[in-house]
Trainee: 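I have a structure here, written as structure tokens, and I will follow up with some questions on it.
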Amino acid sequence: MRAIIGTWKMSFAGVSEAFDMLKNGVPAGEAAVHAVKTVEDNPAFRSVGFGGLPGRDGRVTLDAAFMDGRTLRMGGVMSVENIQNPILAAYRLCGRPTNCLLAGRGAEEFAVREGLPLRDMRTPDSMKQWAETVSKRSDMPLDAYRGHDTVCVLALDDSGNMAAGTSTSGLFMKEPGRVGDTPLIGSGFYCDARFGAAAATGVGEDIMRGCLSYEIVSRMRKGETPREACQNALDELVKRKLELGEEAGNISLIALSPDGMFGAATTLSVFPFAAGNEKNAALYMIENLQNSVIEPVNEEKLAGTD
Ligand code: ASP
């Protein structure tokens, strides 16, 4: 049994390639890393890796993580500026019994020691977007936070192992030093090959409040399907936020079970994602409607969405 799921349209090419890799016997971890790296390398995807979204100070700082579902080991980097592929550093850190989650300078020194390529991750486009926003506004209003997205990939291989990989530049115009859910185990991702894997994208400050990825896997352990687990975990947090007088916010979730079923949930009107199962790799979409169904869609239907 093999299967894969990735967040947003941007993951489609990498997910398709990674699904072929799984078919050829490549382990889940390597396949997930490949899919995430494909997004990191493409500057057209403005919220991940090369050409990512700058913070308020004009610096592009990146977060990434990797988790192995058989050992429950994880690795992660946060607030790194010059590592060309943060997911590769996270992957190499996974397996260390201690010191597996590194921030800033320490993470970059680790990448150098490992011989991972360094790169200035800013592009003319990302700096233009930053300069325009700075010139328009001095108070950095919340709408500057729009347009962020994380690539999250969950994979299952024929041996029954599962893996999760995540990577993001975080919120556009974020405060220097800000870290979201993406490199944080239990919030941005969780993976236990016995019960399933989950990952989150959206406003990290909200995702962390519900430890949503752990909550989803925990629900799958109790027998919920990936789709039910995503929806129920999301509903519970949204309900609490509404009770507290807050809006539902911007959160989208994906999950994969050890038997290759996938699911998603979102507070957005539509949330596209890519997934592969025994038949093919395709783009899917979930709409935020009562009883919404998850079905394959073409690019045309997804025009104008991320
Ligand atoms: N969750 C990411 C963060 O808060 C951003 C996103 O997925 O849109 O850093």
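First listed ligand is number 1; within each ligand, the first listed atom is number 1.
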Trainee: Just so I know, are the side chains of M173 and W130 near enough to count as touching, which here means a heavy-atom distance under 4.5 Å?
Mentor: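 In contact.
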Trainee: For atom 8 (O) of ligand 1, what's the nearest protein heavy-atom neighbour? Residue, atom name and distance, please.
Mentor: H148 ND1, 2.4 Å
Trainee: Should D181 be counted as touching ligand 1, given the test is an N or O pair under 3.5 Å?
Mentor: yes
Trainee: How about S47 and M10: do any of their side-chain heavy atoms sit closer than 4.5 Å?
Mentor: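 Yes; the side chains approach each other to less than 4.5 Å.
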Trainee: Please examine the side chains of R219 and E228, heavy atoms only from C-beta on, and report whether any two atoms are closer than 4.5 Å.
Mentor: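 Of all side-chain heavy-atom pairs linking R219 with E228, none is under 4.5 Å.
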Trainee: Within a distance under 4.0 Å of any heavy atom of G170, pick out the atoms of ligand 1 and give their elements.
Mentor: 9 (O)
Trainee: Looking only at heavy atoms, which two atoms of D181 and G204 are closest? And how far apart?
Mentor: OD1-CA, 3.1 Å
Trainee: How far is atom 9 (O) of ligand 1 from the closest protein heavy atom, and which atom is that?
Mentor: R178 NH1, 2.7 Å
Trainee: Applying a 4.0 Å heavy-atom criterion (strictly less than), which segment of T182 is in contact with ligand 1: side chain, backbone, both, or neither?
Mentor: side chain
Trainee: Short list, please: which atoms of ligand 1 are under 4.0 Å from a heavy atom of T150?
Mentor: 1 (N), 2 (C), 5 (C), 6 (C), 7 (O), 8 (O)
Trainee: Does A200 reach ligand 1 with a nitrogen or oxygen that is under 3.5 Å from one of the ligand's nitrogen or oxygen atoms?
Mentor: no
Trainee: In terms of atom number and element, which parts of ligand 1 are under 4.0 angstrom from non-hydrogen atoms of G202?
Mentor: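 With G202 as reference, the close atoms of ligand 1 come out as 1 (N), 2 (C), 3 (C), 4 (O), 5 (C), 6 (C), 7 (O), 8 (O).
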Trainee: Enumerate the atoms of ligand 1 whose separation from the nearest heavy atom of T201 is less than 4.0 angstrom.
Mentor: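 So the atoms of ligand 1 that pass are 6 (C), 7 (O), 8 (O).
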Trainee: With a 4.5 Å cut-off on side-chain heavy atoms, are I254 and F262 touching?
Mentor: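 No, their side chains stay 4.5 Å or more apart.
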Trainee: Counting each atom of ligand 1 from 1 as listed, which ones have a heavy atom of D149 under 4.0 Å away?
Mentor: 6 (C), 7 (O), 8 (O)
Trainee: When rounded to the nearest 0.5 angstrom, what is the spacing between CG in D157 and CE in M162?
Mentor: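 Between D157 CG and M162 CE, I get 9.5 Å after rounding to 0.5 Å.
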Trainee: Is there a donor in the side chain of N161 and an acceptor in the side chain of S159, or the other way round, less than 3.5 Å apart?
Mentor: no
